[in-house]
Enquirer: 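Dumping the structure here so I can ask a few things about it.
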Amino acid sequence: MPELPEVETVRVGLVHLLGANAVIARVQLTRADLRLPIPPRLPARLRGQPIRAVRRRAKYLLFETPAATLLCHLGMTGTWRLAPPGDERAHDHCYLHLGDGRRLAFRDPRRFGLLDLIEPGAEARHPALAGLGPEPLDHDAFSAAYLAARCAGRRTAIKPLIMDQGVVVGVGNIYAAEALHRAGIRPSRRVGTLSRPRLAGLVEAIRVVLAEAILAGGSTISDFRQAGGASGYFQSAFRVYDRAGQPCLACGTTLRGRVLGGRSTVWCPRCQS
DNA sequence: CGGGTTACCTGACGGC
DNA sequence: TGCCGTCAGGTAACCC
């Protein structure tokens with residue numbers, strides 16, 4: 001489901017739900033594995049721990065406690081919600097019982113998500129986090145010069161490149177398509193053929209589209225919900241995603257679609273080169 | 001090495 | 001109505 005804007009929206013929602021003094025009274029797992037095994041020691045390690053912060057790195061959520069950090073990836077279908085008594089649903093895999101009696105539920109029907117434990121100080125070494133590229137909204141780390149360096153000597157297409165979490169984090173299939181349209185770059189364009197100014201334009205387009213989507217509360221397609229249950233509304237701002245065969249909103253040309261790198265891809269043959 | 005393909009899982013949707 | 005094929009926002013292990 002979620003790319004950076006959706007994960008950030010969930011994070012902010014969780015921060016608001018949890019407030020300042022939230023405590024994990026008890027962790028209840030209803031299965032032992034998602035995409036990977038959930039560490040059996042996880043409930044015991046987090047029991048009684050105060051949540052000092054909920055942070056985001058790439059598409060990961062990090063619930064920070066003094067004893068350990070709970071790492072969560074939403075995969076395609078992961079959601080967190082407040083689950084009042086009686087609100088147990090199929091595919092609820094984990095409940096965080098809070099000190100004030102409330103309960104947070106992690107639900108993930110496809111189980112592509114991840115729940116793991118990070119020991120204090122070990123965050124940079126965690127396999128899921130160690131190889132990640134810079135945050136796209138970090139202007140210093142994610143620059144045209146940086147992207148040009150990552151493109152150098154490579155012959156891959158630009159769309160899979162910007163979706164590579166080792167190059168830049170947080171960009172998935174939707175926002176890759178949207179950013180490339182805004183930058184006027186064809187998704188199949190070989191990275192080595194893009195000039196520095198065009199890469200600069202792409203860096204800017206990625207930042208702008210992600211920032212706009214965060215402001216809109218993310219995109220709600222299928223069942224994505226903010227942690228509080230509200231819908232995002234950036235999906236109404238999609239210019240190309242899921243619009244193959246429809247007119248380009250900029251020039252009216254029929255948008256084209258094809259599979260690129262195994263992912264559905266849409267672009268305007270006139271605006272994007 | 002890099003890039004394309006496949007697998008992981010369930011649910012929703014369209015066609016017949 | 002219901003069955004079947006296809007597709008889905010992500011990631012990682014494969015194979016050439």
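Keep in mind that the numbers below use all heavy atoms, side chains included, and drop hydrogens, waters and symmetry copies. So that the names make sense, note that chain A is the first sequence line, chain B the second, and so on, each numbered from 1.
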Enquirer: DNA chain C in dot-bracket, Watson-Crick or G-U pairs under 3.5 Å, [ ] crossing, | other strand?
Expert: .|||||||.|||||||

Enquirer: Mind checking A/Gly172 for me? I need base, sugar-phosphate or nothing, with any heavy atom below 4.0 Å counting as a touch.
Expert: sugar-phosphate

Enquirer: Could you tell me whether A/Arg57 and A/Glu135 have a side-chain N and a carboxylate O separated by less than 4.0 Å?
Expert: yes

Enquirer: From CD of A/Glu6 over to C1' of C/dA8, roughly how many Å is that when rounded to an integer?
Expert: 14 Å

Enquirer: Calculate the interatomic distance between A/Arg110 atom CZ and C/dT11 atom P; express it in whole Å.
Expert: 13 Å

Enquirer: Just to be sure I understand the geometry, which residues of residues 111-119 of chain A put a non-hydrogen atom under 4.0 Å away from DNA chain C?
Expert: A/Phe112

Enquirer: Between the side chain of A/Thr254 and the main-chain N/O of A/Gln246, is any donor-acceptor distance below 3.5 Å?
Expert: no

Enquirer: Show the nearest heavy-atom pair for residues A/Tyr175 and A/Ser219, with the distance to one decimal.
Expert: OH-OG, 2.7 Å

Enquirer: Whole-Å distance between C/dG10 C1' and A/Arg57 CZ?
Expert: 16 Å

Enquirer: Using distance alone, with no hydrogens and no angle criterion, decide if A/Arg150 and A/Tyr146 have a side-chain donor and acceptor under 3.5 Å apart.
Expert: yes

Enquirer: Taking the P atom in each of B/dT5 and C/dC7, what is the distance between them to the nearest angstrom?
Expert: 14 Å

Enquirer: Could you report the tightest heavy-atom contact between A/Lys159 and A/Leu180, atom names first, then the distance?
Expert: CB-CD1, 3.6 Å

Enquirer: Given that A/His91 and A/Arg190 both sit by DNA chain B, which one's nearest nucleotide is further toward the 5' end?
Expert: A/Arg190

Enquirer: Can you tell me, in whole Å, how much space there is between the C1' of B/dG11 and that of C/dA12?
Expert: 23 Å

Enquirer: Can a salt bridge be assigned to the pair A/Arg110 and A/Asp108 using a cut-off of 4.0 Å between side-chain N and carboxylate O?
Expert: no

Enquirer: Could you tell me whether a side-chain N or O of A/Arg186 sits under 3.5 Å from a main-chain N or O of A/Pro269, the two making a donor and an acceptor?
Expert: yes

Enquirer: Regarding A/Arg103 and the six-membered ring of A/Tyr95, is the cationic atom NZ or CZ under 6.0 Å from the ring centre and inside 45° of its axis?
Expert: yes

Enquirer: Can you check the distance between B/dC9 and C/dC3, where both ends of the measurement are the P atom (answer in whole Å)?
Expert: 24 Å

